[in-house]
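Here, residue 1 is the first one in the sequence, and each next residue gets the next number.
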Amino acid sequence: MSIKNIAQNFIQIVDSKIPTRFDDIQKEIEQARIEEYFNQFIPQKNDKTYSLGSVIGEELGKKLDKIG
């Protein structure tokens, strides 16, 4: 083996093995797309919860506004 072949093989190994920031960004984008894809299938609850006091308070406030 010549020195030139060894140097080329070393460069190919290093290029294929060392992760770069670009690789990290690509992984982050891929992960965000996967999460977005699966989150679109999660049913969104549109049910609102009320406590009894707030419902009664609102109705009582409406009636008192009509009287006053």
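Annotation: the span from Q40 atom CD to E36 atom CD amounts to 7.5 Å, rounded to 0.5 Å.
With sequence neighbours left out, L60 forms a side chain to side chain contact (heavy atoms under 4.5 Å, CB included) with L64.
Exactly one residue among E35, K27, R33 makes a side-chain contact (heavy atoms from CB on, under 4.5 Å) with Q31. That residue is E35.
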